[in-house]
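Below is one structure; the comments refer to it alone.
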2 protein chains.
Amino acid sequence: MVVPKKKSANGWSLPGSPLYREVRRQIVNAIDALEWRPGEVIPSEKILCERFGVSMGTLRKAVDELVVTGVLVRKQGLGTFVGQHSQNRYLFSFFHLVGRDGQKEYPGVVFRAFAVTAADNVTAQSLGVKVGARLFCLSNVLSLQGKVTSMDEIYLPALQFRGLTEQRLRDRRTTLYQMYQDEFRITVARTSERIRGCAANRSLARVLQTDIGAPLLEIIRVAYTFQDRPIELRYSYVKTEKCEYQTGTYFGSRT
Amino acid sequence: MVVPKKKSANGWSLPGSPLYREVRRQIVNAIDALEWRPGEVIPSEKILCERFGVSMGTLRKAVDELVVTGVLVRKQGLGTFVGQHSQNRYLFSFFHLVGRDGQKEYPGVVFRAFAVTAADNVTAQSLGVKVGARLFCLSNVLSLQGKVTSMDEIYLPALQFRGLTEQRLRDRRTTLYQMYQDEFRITVARTSERIRGCAANRSLARVLQTDIGAPLLEIIRVAYTFQDRPIELRYSYVKTEKCEYQTGTYFGSRT
DNA sequence: CAGTGGTCTAGACCACATT
DNA sequence: ATGTGGTCTAGACCACTGT
């Protein structure tokens, strides 16, 4: 069988940046450029092979990597789709509280407050903005099985969420991450969380309907886009009397 | 090009259990049967292709899946190795506490207690043993940056850890998971953790050198083998004054 | 140098979903 | 019937490692 010594366009692949990475990069670029939008089909594998000038195997390797990270979703017989946030996806990927029975359930969310603030030192660092930058701050109360469970305080860089208002938050019927995606074209790709124990102060005790000094989880979450830029800082204060934070780890590490 | 209508031995692959899964299963079986031991090289890909009667692409797909879960490790130019536990691996995969600066550090471990007990209801359920089954219970105190941080209470089914004694625990110089692997031929493949907030009682306060009522994290971990059988139940009580529990999640889900 | 994994090709047939 | 992704083949050359 005859194999050309060099790939046509880009002068063959270097080690560490093989051809399928380049293909992956081009696919991500097309998604960033909104050529294909969340939930839409992308062209068939055969057509993408021609477009990028690679074989099926190489294209599939590129798509495989985007599938495991959730950027793309394959549906046999239908096509390959750009991943999108949904309530189920949120529940499965980003919401870690479960009942004592281990069952997952989408929480009841009640809007609590909305404000415009300026980034302090810590917040600016976490969000990668300048100290004093305009931020939106919103707060929700979450319930599981009808019981108040958690209070969230969420900080968003105003620049990326231009036009966000209290009314839009009150009216929304989707998860916040769906709203980021559909209304602001921001897709949350991964989150990083740090957890500490803390005692309820007077304010938290009132909101969470518990005693002052009750042990809570403080969860500090930073959410990142596909380009790995931080886009949301969230503090959650969780009363774990009737629920638990659940997570799992594998022997191997995730790349 | 001519392709045979059927695979030789096993009558072609069914949907949902394709050929590369069968190959994967056979590789895992060989590891379970100790044909290849943790840290050892397995035969080259070409030889495995012949052994299983499949092509390179199929074999690589099987190996790929075992690599992402850490069962196998590829080293270019050297070969493919059976994964093994190490201190670094533990730190990276299973130890989630970091300093407030976000830096990881292997904790100082001080042996605290060893006992033989019988499984109660909850423990039996978690470990998949009968109520009343013999268990070993051991307890350690963990320190980060020289400061007492966490108290662990670990339950192990005595049946699988025959011969474990207090002296062996005191003498050990490796992580527990290395000991499970090297001395008992048990490899921890994944863990599942549930986290709650709790207040220090008198005993915990003394061990962790803090006040009664201080907010702690209670982490309940179950560790599983490659066959997904529970093998360890661990309660950790963590003082998060100088450290945090850190975790991350991706858009896609892990399979 | 020989042997290993890493990448890539050009196709084939299978299983699924829609028309 | 057509088109999609899912699986599989039988090789090729590239890059790395140890002798």
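Not measured: the values here are computed from a predicted model.
Using a cut-off of 4.0 Å between Lys/Arg side-chain N and Asp/Glu carboxylate O, A:R172 and A:E183 are scored as not salt-bridged. Ionic pairing of B:E45 and B:R74 is present here: one or more N-O contacts between side-chain nitrogen and carboxylate oxygen are shorter than 4.0 angstrom. In this structure, A:E65 does not pair ionically with A:R25, as no charged nitrogen and carboxylate oxygen lie closer than 4.0 Å. Between A:E105 and A:R100, no side-chain nitrogen of the basic residue sits less than 4.0 Å from a carboxylate oxygen of the acidic one, so the salt-bridge criterion is not met.
Of the candidate nucleotides C:dT18, D:dG18, C:dG11, C:dG11 has the atom lying nearest to any side-chain atom of A:M56. Taking every side-chain heavy atom of B:R60 into account, C:dT7 is the closest of C:dT7, C:dC8, D:dT7. Out of D:dG6, D:dT7, C:dT9, the shortest distance to the side chain of A:Q76 is found at D:dG6. Each of D:dT9, D:dG5, C:dG6 was ranked by its minimum atom distance to the side chain of B:V54; first place goes to D:dT9.
Nucleic acid contact class of A:K46 (heavy atoms, under 4.0 Å, all strands): none.
Atom CD of A:E22 and atom C1' of C:dC8 are 15 Å apart (whole Å). For the pair A:I42 CD1 and D:dG3 P, the interatomic distance rounds to 18 Å; values are reported in whole Å. Here C:dT7 presents its P atom at 9 Å from CD of A:E65, a figure rounded to the nearest Å. Rounding to whole angstrom units, CG of residue B:L59 and P of C:dT4 are separated by 13 Å. Between A:K61 atom NZ and D:dC8 atom P the separation is 17 Å, expressed in whole Å. Between A:L78 atom CG and C:dT19 atom C1' the separation is 13 Å, expressed in whole Å. Atom pair B:E45:CD and D:dA10:P shows a separation of 16 Å (rounding to whole Å applied). Between the CG atom of A:L72 and the P atom of D:dT4 there is a distance of 16 Å, rounded to whole Å.
Contact between the side-chain N/O atoms of B:T80 and the OP1/OP2 oxygens of C:dT4 is not found at any separation under 4.0 Å. For the pair B:R74 and C:dG6, the criterion of a side-chain N or O lying under 4.0 Å from OP1 or OP2 is met. For B:S44, no side-chain nitrogen or oxygen approaches OP1 or OP2 of C:dG3 to under 4.0 Å. Residue A:K75 places no side-chain N or O under 4.0 Å from the OP1 or OP2 atom of C:dA17. For the pair B:S55 and D:dA10, the criterion of a side-chain N or O lying under 4.0 Å from OP1 or OP2 is not met.
An angle of 10°, rounded to 10°, separates the two end axes of the helix from C:dC1-D:dG18 to C:dT18-D:dA1, each defined over five pairs.
A cation-pi geometry, defined here as NZ or CZ lying under 6.0 Å from the six-membered ring centre and within 45° of its normal, holds between A:R89 and B:F251. Taking the centre and axis of the six-membered ring of B:F81, the NZ or CZ atom of B:K75 falls inside the cone set by 45° and 6.0 Å.
For the pair A:T174 (side chain) and A:Q178 (backbone), a donor-acceptor distance under 3.5 Å is absent.
A:F161 has its ring centre no less than 6.0 Å from the ring centre of A:F136.
Nearest-nucleotide assignment on DNA chain D puts the 5′-proximal partner with A:I47, out of B:Y20 and A:I47.
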